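What follows is a single structure, written as structure tokens, with notes after it.
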Number of protein chains: 2
Amino acid sequence: MAHSNTRPTSRDVAQAAGVSQAAVSLVLGDKWHGRVSAATAQRVRDAARDLGYRPNLAARNLRLGHTRTVLLVVPALTTEFFAGVYTGAARIAAQHGFGVVLYPSPEGVGPARDPFASAQAALDGVIASSMAADALTTIRGDQLPLVMLDSDPQGSLGAATVNLDIADGVRQVTEHLLGLGHRRFLHLAADVPSWTFEVRAHELATRVATVPGTDVRTIRAPLTFEAARAATEAALTTPGPHPTALVCDDDKLAAGAYKALRRHGLHVPSDISVTGLDDLALATAIDPELTTVRLDAELFGERGMQALLAVLDGREPDRSDIPVHLVVRGSTAPPRPH
Amino acid sequence: MAHSNTRPTSRDVAQAAGVSQAAVSLVLGDKWHGRVSAATAQRVRDAARDLGYRPNLAARNLRLGHTRTVLLVVPALTTEFFAGVYTGAARIAAQHGFGVVLYPSPEGVGPARDPFASAQAALDGVIASSMAADALTTIRGDQLPLVMLDSDPQGSLGAATVNLDIADGVRQVTEHLLGLGHRRFLHLAADVPSWTFEVRAHELATRVATVPGTDVRTIRAPLTFEAARAATEAALTTPGPHPTALVCDDDKLAAGAYKALRRHGLHVPSDISVTGLDDLALATAIDPELTTVRLDAELFGERGMQALLAVLDGREPDRSDIPVHLVVRGSTAPPRPH
DNA sequence: CCACGGGAGTTATACGTAACACGTGACGGC
DNA sequence: GCCGTCACGTGTTACGTATAACTCCCGTGG
């Protein structure tokens, strides 16, 4: 059964339910009590669900004369401070049926109530990080063009994908450490359900396994500073030979690990080498400065956008991976001769 | 001359210019060549400017069936990484006449083309940080309800205001340092055109001036890690007695200063005490952990939102300042006895 | 003198929704 | 027997814009 390519409207729902458009509006707006029978209301709701109906917010906003969306202007997105401001504002807004849109000063702007309830009001497409996977089923509910940032290679969602070459980054890290002479690795892995972190662990293990006499132990921690400290601390107190190199899935984890190492009187890099991944500002704020892999976030964003434009245009998006580069700083050195 | 309270529409412009609404649409859409005389086109543009006309984007979107706005889903706003992703995506988007909206996974969302060109499509009001002052004249161009975060007390924009009690934070810092016995201060000030930073400098100077035998020297640096390091380094190489306490306008500046102090062989806090302001995660990542003033960003956001809701409701917003609290950590200690 | 073309506009319409103002039976009370 | 009321809807309109289709007038070539 071929059906129209355009999104269903409230009139389509009305026709399917055998009622007028006005009745649909009443029912879906929850203003039907005493105006429409419960049975009819249910028929309308069923029809709306079956058709996958989503109200057109542009039309609604036009009709209503307001949008229940406010704008938050902040100096930049880089500060945790304004991230918090946003979170607080969004929470209260949600309690009042409002949405919040971000506009980071000279460089950028944001959405509303429910991600798509408000966003869809004005969207031609979606760019999504695979780390926000929980929202993805919702996204697929709409049939908006979608581009994934760092999705799995199989593209399980059938969407276009832009990938950082994380595997190559891990390869560069392990080459560097193996070249320095390290053989006993501790891997501080991010405990998040994301494919990008899986590849880090997998690549590290296979890379190291090719060199005789090496071993790697993996510990997991949620992606926070404090969790990383605690996990590292726990690993240091277990018996057995100490690792000479600590490979972290992320700079923030490395910063947390620094703290644990310091408490145990271990000096970086003479007692143990440490590496991160991301090259955040944090990497140069800590002492010693962190050897890490630079990910070009801006390029990642640009490539994501270009891919979406391609999809909207009916063109084939560029599928090549984005290269990443090892940045060697003071946190890695040859292991102390035994 | 009393005029309507509602926003002017293209029909109002048409009436003012003595043409039809269609002509206005043609001229403003830059599709008038060969259809409207140059003189008439100019009359229309003048009328639009005089009335402060801004097209209703909800109507436009409804008519056009698209919005030239895409959604960027990211895990959270706290990471510099995704801030970069956003910046890159927004840049490319802008080049194509698209806007980008942010949706930080389970906690929050973002904007478009020109901040208000796209945002206004769906806005009932605006919350703006005073640090994004460059955008404010644009905001006032619309007559949207506006709430300022940390505006000047005179409220020069005539908008509602929510303030953190920064002055009290500075007072707490100076009391703390004076109590420890410090008398020679170096103030590392943020070199940004913002009232909030002015108050920090002013409050520090007046507070310190009340104690006999004290002095304070101020140096300025842009709000970046590297600039703070360079400025501190320069201050340390100038002749004269060394300060015993370094008061920074912001945690990030303090982290930069740490680096400069380390290079000069100065130990924190035994050689010099250091304080910050914000209490970012960074404050506990560096060694020693930073004595700083905690600003409750989320509460700030909540209060901003509540104020806006009040304005929209015709109520008087709560004008009380938000309290802040000194957090004493390892970066402050009594000065070394001379 | 007429036909034709192009310049300079105007008129009319549709986008999808929300909500106001009606309509239509059926039933109950007096 | 008639009116009021209630349950259950429907018809219609307006929101502000962009654009296709139309009108009108003037100049010009044949």
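Just so it is clear, the model here is predicted, and its values are computed rather than measured. The analysis underlying the following values was restricted to heavy atoms, covering all of them including side chains, and did not include hydrogens, waters or symmetry mates.
- Note: CZ (B:Arg35) to P (C:dG9) measures 11 Å, nearest angstrom.
- Applying the side-chain contact (heavy atoms from CB on, under 4.5 Å) test to B:Thr9 and every residue at least two apart in sequence or in another chain returns B:Arg11, B:Asp12.
- Checked against salt bridge (charged side-chain N to carboxylate O under 4.0 Å, His left out), B:Asp318 has the following partners two or more places apart in sequence or in another chain: B:Arg303.
- For residues 36-50 of chain A, the set of pairs meeting the salt bridge (Lys or Arg N to Asp or Glu O under 4.0 Å) definition, not counting sequence neighbours, comprises A:Asp46-A:Arg49.
- For A:Ala47, the side-chain contact (heavy atoms from CB on, under 4.5 Å) partners are A:Val13, A:Ala16, A:Ala17, not counting sequence neighbours.
- Between A:Tyr53 atom OH and C:dG16 atom C1' the separation is 7 Å, expressed in whole Å.
- The local environment of CD in B:Gln21 is crowded, with over 12 non-hydrogen atoms from other residues, nucleotides or ligands closer than 6.0 Å.
- To the nearest 0.5 Å, atom CG of residue A:Leu295 and atom CZ of residue A:Phe300 are 8.5 Å apart.
- Comparing atom distances between the A:Leu62 side chain and each of D:dG9, C:dT17, C:dG16 picks out C:dG16 as nearest.
- Between the CG atom of B:Asp12 and the C1' atom of D:dT17 there is a distance of 13 Å, given to the nearest Å.
- Using a 4.0 Å cut-off, no side-chain N or O of A:Ser37 falls inside it from OP1 or OP2 of D:dA7.
- The CG-C1' distance, from B:Asn56 to D:dA14, rounds to 13 Å in whole Å.
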Can you give the donor-acceptor pairs under 3.5 Å from side chains of residues 26-38 of chain B to other protein atoms, not counting sequence neighbours?
residue : atom : partner : partner atom : Å
B:Ser37 : OG   : B:Thr40 : N            : 3.2
B:Ser37 : OG   : B:Thr40 : OG1          : 2.9

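- Summarising the geometry, the separation between CZ on A:Arg11 and P on C:dT17 is reported as 8 Å, rounded to the nearest angstrom.
- Taking atom CG of A:Leu64 as the reference point, atom P of D:dT13 lies 20 Å away to the nearest angstrom.
- For A:Thr9, the side-chain atoms get nearest to C:dG16 when compared with the rest of C:dG16, C:dG9, D:dT17.
- Between B:Arg54 atom CZ and D:dT17 atom C1' the separation is 17 Å, expressed in whole Å.
- Contacts of residues 13-33 of chain A with DNA chain C (heavy atom under 4.0 Å): A:Gln21, A:Ala22, A:Ser25, A:Lys31.
- In this structure, CZ of B:Arg43 is placed 11 Å from C1' of C:dA8, rounded to the nearest angstrom.
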